[in-house]
Amino acid sequence: MTESDNLDVIAVADRTALAATAAEHLLARTAANSGRIAICLTGGSSPKQLYQLLATDPYRSRIPWQRVHWFIGDERFVPADDPLNNMRMARTTFLNQCAPEANVHPIPTATADPADPDRGAALYEHELQSFYGADALDEARPLFDLVLMGVGPDGHTASLFPGDPALDEITRWVVGVPRANVRPFVPRVTLTLPTLASCHEMLFEVSGRDKRAILTRLFAGENLPANRARSTGETVWLVDQEALPEDVGGQ
Ligand code: 6PG
């Protein structure tokens with residue numbers, strides 16, 4: 001990473017502050033759009049506290065739920081009610097209590113052949129394109145208001161793993177990933193880099209001591225998937241003290 005990448009790193013004390021700061025970013029993005037709002041959620045454990053917060057006041061009453069549509073940046077290719085399913089986690093932590101069902105857009109995993117995550121990818125690509133109203137992304141009109149992201153121990157983000165051909169996909173909006181590089185070792189479906197980039201803001205949430213090693217490599221500019229994910233608007237890294245490398249202020 002270099003300054004010319006137009007990146008913001010925001011250091012916060014701990015996971016609680018991280019969730020509250022992420023919630024404020026989400027509220028700012030919803031306030032900036034008086035029309036239909038699109039938010040792309042992320043899986044993994046990092047966003048759970050944020051999702052729980054969104055279901056509680058004062059956050060809950062400040063979100064215009066009828067106008068917000070919720071998508072997911074990647075999915076484990078397991079049924080919708082499987083505990084590993086990313087959208088299930090978002091549903092059970094806040095969407096089921098707060099969002100109209102028609103505004104929740106999961107990646108289909110049940111209707112597709114489990115041996116072929118590409119089929120689920122094609123269905124989701126179609127859904128995103130109908131929502132957007134075009135099959136080509138226009139930089140002047142981002143698909144998402146906000147895209148949430150996490151980072152894995154190998155530098156992956158969404159389900160874009162180091163060395164995987166999905167990283168170089170520039171035509172398809174969503175692709176199947178037959179093999180995951182880390183647990184859980186189930187096939188995945190992921191939005192591609194240009195699709196994730198089509199947003200006003202991309203917000204990474206990174207916390208905990210076990211993320212410090214990968215963040216040190218990322219902040220040193222190593223060519224890893226999370227360093228290739230950039231918004232066409234703003235890209236913000238929200239990092240807690242435990243994850244923050246020492247040379248950028250971590251203790
Ligand atoms: C997934 C993800 C993945 C995740 C990172 C970080 O399906 O696993 O969406 O990209 O965000 O692996 O995961 P943690 O938050 O659990 O560390």
Side-chain angles (χ1 to χ4, degrees), residues 12 14-16 18-19 21-22 26 39-53 70-95 105-109 117 120-121 124 144 146-164 166-167 169 174-193 195-197 199 202-218 224-231 235-240 242-244:
V12 295
D14 52 26
R15 285 172 208 262
T16 304
L18 190 117
T21 310
L26 190 145
I39 296 185
C40 187
L41 300 170
T42 181
S45 54
S46 306
K48 201 166 175 184
Q49 209 166 333
L50 163 67
Y51 297 169
Q52 284 163 341
L53 209 53
W70 306 91
F71 295 87
I72 190 104
D74 75 306
E75 191 53 271
R76 289 93 178 260
F77 206 69
V78 293
D81 58 356
D82 188 301
L84 290 176
N85 189 280
N86 284 334
M87 194 55 116
R88 177 183 181 275
M89 191 273 280
R91 279 186 184 281
T92 53
T93 47
F94 79 113
L95 294 175
H105 304 265
I107 291 176
T109 52
Y124 206 52
F144 298 116
L146 179 68
V147 170
L148 297 174
M149 299 283 254
V151 175
D154 56 350
H156 82 260
T157 191
S159 280
L160 295 162
F161 298 101
D164 196 284
L167 275 169
E169 178 62 51
V174 190
V175 294
V177 177
R179 270 170 304 280
N181 205 37
V182 295
R183 283 179 195 283
F185 295 109
V186 294
R188 312 287 185 99
V189 174
T190 189
L191 272 59
T192 56
L193 288 173
T195 315
L196 293 164
C199 59
M202 180 180 284
L203 182 66
F204 283 87
E205 273 190 275
V206 192
S207 61
R209 187 56 55 127
D210 59 345
K211 292 288 167 75
R212 186 176 271 191
I214 191 61
L215 264 197
T216 303
R217 292 171 60 192
L218 287 163
L224 290 165
N227 265 350
R228 292 178 59 180
R230 290 285 177 277
S231 169
T235 305
V236 180
W237 286 72
L238 207 48
V239 183
D240 81 350
E242 287 198 340
L244 200 65

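For the single chain, residues carry numbers from 1 onward in sequence order. First listed ligand is number 1; within each ligand, the first listed atom is number 1.
- Residue-ligand proximity, Thr42 to ligand 1, at heavy-atom distances under 4.0 Å covers atoms 9 (O), 11 (O).
- Between the side chain of Glu75 and the main chain of Asn86, a donor-acceptor pair closer than 3.5 Å is present.
- Backbone and side-chain nitrogen or oxygen atoms of Pro47 are examined, and none is located within less than 3.5 angstrom of a nitrogen or oxygen of ligand 1.
- For atom 8 (O) of ligand 1, the nearest non-hydrogen atom of the protein is Arg76 NH2, 2.9 Å.
- Neither the backbone nor the side chain of Val182 comes within 4.0 Å of ligand 1, counting heavy atoms alone.
- For Arg230 and Thr235, the side-chain atoms include no donor-acceptor pair closer than 3.5 Å.
- When each atom of ligand 1 is checked for a heavy atom of Gly43 under 4.0 Å away, the hits are 9 (O), 11 (O).
- Scanning the protein heavy atoms around atom 15 (O) of ligand 1, the nearest turns out to be Ser46 OG, 2.5 Å.
- By the 3.5 Å distance cut-off applied to N or O atoms, Ser45 is counted among the residues near ligand 1.
- Arg188 places no side-chain N or O within 3.5 Å of a backbone atom of Arg76 that could act as its donor or acceptor partner.
- Between Cys40 and Leu191 the shortest side-chain heavy-atom distance falls below 4.5 Å.
- Summarising the geometry, atom CD1 belonging to Ile39 is positioned 4.0 Å from atom CG belonging to Leu26; distances are rounded to the nearest 0.5 Å.
- Nearest protein neighbour of atom 13 (O) of ligand 1, counting heavy atoms only, is Gly44 CA, 3.8 Å.
- The shell of residues lying under 4.0 angstrom from ligand 1, judged by heavy atoms, excludes Glu75.
- Looking at Ala158, Gly150, Gly208, it is Ala158 that brings a heavy atom closest to atom 10 (O) of ligand 1.
- Checking side-chain atoms of Thr157 against main-chain N and O of Pro225 turns up no donor-acceptor pair under 3.5 Å.
- For atom 2 (C) of ligand 1, the nearest non-hydrogen atom of the protein is Asp74 OD2, 3.4 Å.
- Ring-plane geometry between His156 and Phe161 is classed as tilted, the angle between the planes lying from 30 to 60 degrees on a 0 to 90 degree scale.
- At under 3.5 Å, not a single nitrogen or oxygen of Ser159, backbone or side chain, sits near a nitrogen or oxygen of ligand 1.
- Among protein heavy atoms, the minimum distance from atom 17 (O) of ligand 1 is reached at Lys211 NZ, 2.5 Å.
- Taking the six-membered ring where the residue is Trp, the centroids of Trp70 and Tyr51 are separated by 6.0 Å or more.
- Ranking protein heavy atoms by distance to atom 5 (C) of ligand 1, first place goes to His156 NE2, 3.6 Å.
- Formation of a donor-acceptor pair under 3.5 Å by the Asp164 side chain with backbone atoms of Leu167 is not found in this model.
- Taking only non-hydrogen atoms, the option from Val151, Val206, Asp154 nearest to atom 6 (C) of ligand 1 is Val151.
- Close contacts of ligand 1 with Arg188, meaning ligand atoms under 4.0 Å from a residue heavy atom, involve 1 (C), 7 (O), 8 (O).
- Among Thr195, Thr192, Val174, the single residue meeting the side chain to side chain contact (heavy atoms under 4.5 Å, CB included) criterion with Glu169 is Thr192.
- Using a 4.0 Å cutoff on heavy atoms, Met149 does not count as a contact of ligand 1.
- When atom types are taken as modelled, the side chain of Arg88 and the backbone of Ala80 share no donor-acceptor pair closer than 3.5 angstrom.
- Ligand-side atoms of ligand 1 in range of Asn86: 1 (C), 7 (O), 9 (O), range being under 4.0 angstrom from any heavy atom.
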